[in-house]
Amino acid sequence: MCLTIPGKIKSIEKGVARVENGGRSVTIDLGLCLGAKVGDWVLYATDRAVKQISETDAKEIISLLEDHYHTVDVSKLPLQFKKILFKVRSREKVESRKLKVKSGGKEHDLTKAEIEYLLSLKGGENLETLYAEANSLRKEMIEDFVCIHGIIEFSNYCRNNCLYCGIRADNKELKRYRMSKEEIIETAVRAVEDEGYKLIVLQSGEDMSYTDEMLLEIVREIKKRVKVFIFLSVGERPSQFYKKALRAGATGSLIRFETSNPKLYEKLRPKHKLADRLALIREQIGQGYYVATGNMVGLPDQTISDIAEDLMTIKSLGVPMISSGPFIPSKGTPLANHQSPITNNQLSSNNQFSNDQINGEWKTGNEKSIEMFLKYISIARLMMPEIKIPVTTALETLDPENGRHRGLLAGANALMFNLTPEKYCKDYSIYDNKYREREKVWQKYGLFKGEESWEMLEERLML
Ligand code: 5AD
Ligand code: SF4
């Protein structure tokens with residue numbers, strides 16, 4: 001779903017209002033807010049007001065999207081960084097001349113060495129510059145529209161044993177749950193009807209007790225009852241299943257390749273092969289799914305070179321959306337006490353994972369993982385200006401206060417909200433202390449009913 005932007009009404013004439021949001025001033029049709037007066041705040045999408053909101057809530061939404069524009073003195077940057085910025089900027093010029101065609105040609109792509117260089121950047125000034133560059137590209141390409149996905153984690157059973165994952169089959173510490181077919185449908189319908197969600201992700205472990213037919217029925221029934229886009233995140237199932245799910249009404253698929261290093265992949269996902277995973281991803285792309293894929297950043301034994309390869313893999317797959325997140329050790333798994341060599345070596349000797357919890361809250365020792373992931377987001381944005389990059393829950397878990405804001409300012413442009421019923425939520429513990437939504441303002445106002453966002457979505461999902 002696409003979120004609207006708040007604006008303050010400066011003047012009104014015949015149902016048309018002049019609204020201001022920071023430095024921006026636009027003319028909009030008062031549409032659904034004909035009762036609004038000068039001085040009131042409204043949410044608007046494109047050129048139409050969709051909802052009147054309070055000043056406090058407007059300011060809260062603005063603060064999340066707000067930039068702290070960083071003025072960059074390019075002359076002071078290291079030479080290699082300057083060269084990369086020059087390359088990125090000249091590609092943008094080429095692209096805008098071609099009216100934003102998808103790629104500016106191979107000669108403008110970042111090389112692996114350049115990606116590695118950016119991933120290894122240190123120092124406040126360099127990092128601020130990288131984030132600011134990516135953020136300004138985000139604004140240029142897609143303005144301040146943020147897409148919202150609601151996730152229903154309907155089962156925490158999984159037949160697999162990925163070493164990193166808290167809901168792996170062998171984790172006996174975990175209380176398992178399965179939502180019934182009716183419960184899943186009802187949760188989705190409520191999210192759409194009561195809260196205005198327009199895009200829902202159905203996620204679970206690889207739980208074969210839901211037969212292919214059951215999942216298809218769930219998709220069909222939700223689509224029958226409400227107008228919503230459904231994304232599946234249910235792991236590896238036969239290609240026939242995915243084909244039928246499209247016909248049943250599914251639109252997208254969240255399926256990560258986790259790491260593009262085949263050896264690391266096999267170590268972390270016993271009995272699985274990277275080539276099979278990539279083949280499934282390619283197949284889904286071919287079938288017509290709106291595919292989101294990506295990796296984890298900061299895995300044990302993962303190198304900077306691996307992460308650069310991951311980014312290049314995403315780009316070469318040509319997907320419209322990324323699904324990536326920082327690795328967070330999870331109790332009850334073989335990697336519970338593992339520290340990422342990358343985030344540790346590079347940034348400080350601080351033990352980032354084991355001592356960073358006070359009263360159940362993650363503390364700033366996670367900064368190294370956060371920083372690495374923010375760099376990853378920014379580089380992804382520079383490499384793929386138009387791609388959707390959600391701020392995933394794992395980043396919000398590492399920085400519950402500001403993770404979401406920082407992710408957006410580093411170039412991300414989509415958000416994930418958890419719709420799993422309260423009683424199950426804590427058991428979907430892929431990793432420890434998983435972040436749970438606290439801001440209500442987004443739920444109250446960010447989500448609205450109205451045709452505008454459907455049009456935007458339909459255009460985006462290339463339907
Ligand atoms: N830390 C971060 N992400 C994880 N995932 C699984 N375990 C972890 C972890 N410990 C991610 C995987 C998977 C997605 C559903 O959750 O990338 O694809
Ligand atoms: Fe199962 Fe996915 Fe976790 Fe692996 S990452 S154990 S497949 S839920």
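Start at 1 and go down the list; that is how both ligands and their atoms are numbered. Bear in mind that the values here come from a model prediction, so they are computed numbers and not experimental data.
Side-chain N/O atoms of Ser209 and Tyr157 include no donor and acceptor closer than 3.5 Å. A donor-acceptor contact closer than 3.5 angstrom is absent between the side chains of Thr313 and Asp310. Side-chain atoms of Glu206 and Asn160 form a donor-acceptor pair, as typed in the model, at a separation below 3.5 Å. A donor atom on one side chain and an acceptor atom on the other are found under 3.5 Å apart for Asn418 and Thr420. For the residue pair Glu283 and Ser239, a side-chain donor N or O sits within less than 3.5 Å of a side-chain acceptor on the partner. A side-chain N or O of Ser305 and one of Lys112 form a donor-acceptor pair less than 3.5 Å apart. Side-chain atoms of Asn156 and Tyr424 include no donor-acceptor pair closer than 3.5 Å. When only modelled atom types and interatomic distance are considered, Arg256 and Thr293 share no side-chain donor-acceptor pair under 3.5 Å.
The protein heavy-atom contact nearest to atom 3 (N) of ligand 1 is Met296 SD, 3.4 Å. Given atom 7 (N) of ligand 1, the protein heavy atom at minimum distance is Ile430 CG2, 3.0 Å. In terms of protein heavy atoms, atom 1 (N) of ligand 1 is closest to Ile328 N, 2.9 Å. Closest protein heavy atom to atom 14 (C) of ligand 1: Arg256 NH1, 4.2 Å. Looking only at heavy atoms of the protein, atom 2 (C) of ligand 1 is closest to Pro326 O, 3.3 Å. At the top of the distance list for atom 17 (O) of ligand 1, counting protein heavy atoms only, stands Glu258 OE1, 2.5 Å.
A salt bridge links Arg190 and Glu193; the closest N-O separation between the charged side-chain nitrogens and carboxylate oxygens is under 4.0 Å. A salt bridge is defined here as a Lys NZ or Arg NE, NH1 or NH2 lying under 4.0 Å from an Asp or Glu carboxylate O, and Glu183 with Lys423 meets this definition.
For Ala394, no heavy-atom contact with ligand 1 is shorter than 4.0 Å. With a 4.0 Å cut-off on non-hydrogen atoms, Ser233 does not touch ligand 1 at all.
For Tyr164, a nitrogen or oxygen atom sits less than 3.5 Å from a nitrogen or oxygen atom of ligand 1, counting backbone and side chain alike.
In this structure, Glu236 falls outside the shell of residues with a heavy atom less than 4.0 angstrom from ligand 2. Using 4.0 Å as the threshold, Gly166 has no heavy atom nearer than that to any atom of ligand 1.
Counting the atoms of ligand 2 from 1 in the order shown, those under 4.0 Å from a heavy atom of Tyr164 are 5 (S). Of all atoms in ligand 1, numbered sequentially from 1 with element shown, those under 4.0 Å from a heavy atom of Phe327 are 1 (N), 2 (C), 9 (C), 10 (N).
The protein does not reach atom 2 (Fe) of ligand 2 closely, with no heavy atom under 4.0 angstrom from it.
Between Phe327 and Tyr164, the ring center distance fails the sub-6.0 Å criterion. Residues Tyr210 and Phe154 place their aromatic rings such that the two centres sit under 6.0 Å apart.
Remark: Arg404 qualifies as a cation-pi partner of Phe417 under the 6.0 Å distance and 45° angle criteria applied to the six-membered ring.
Counting only distances under 2.8 Å, and ignoring water, the protein N, O or S atoms around atom 1 (Fe) of ligand 2 are Cys158 SG.
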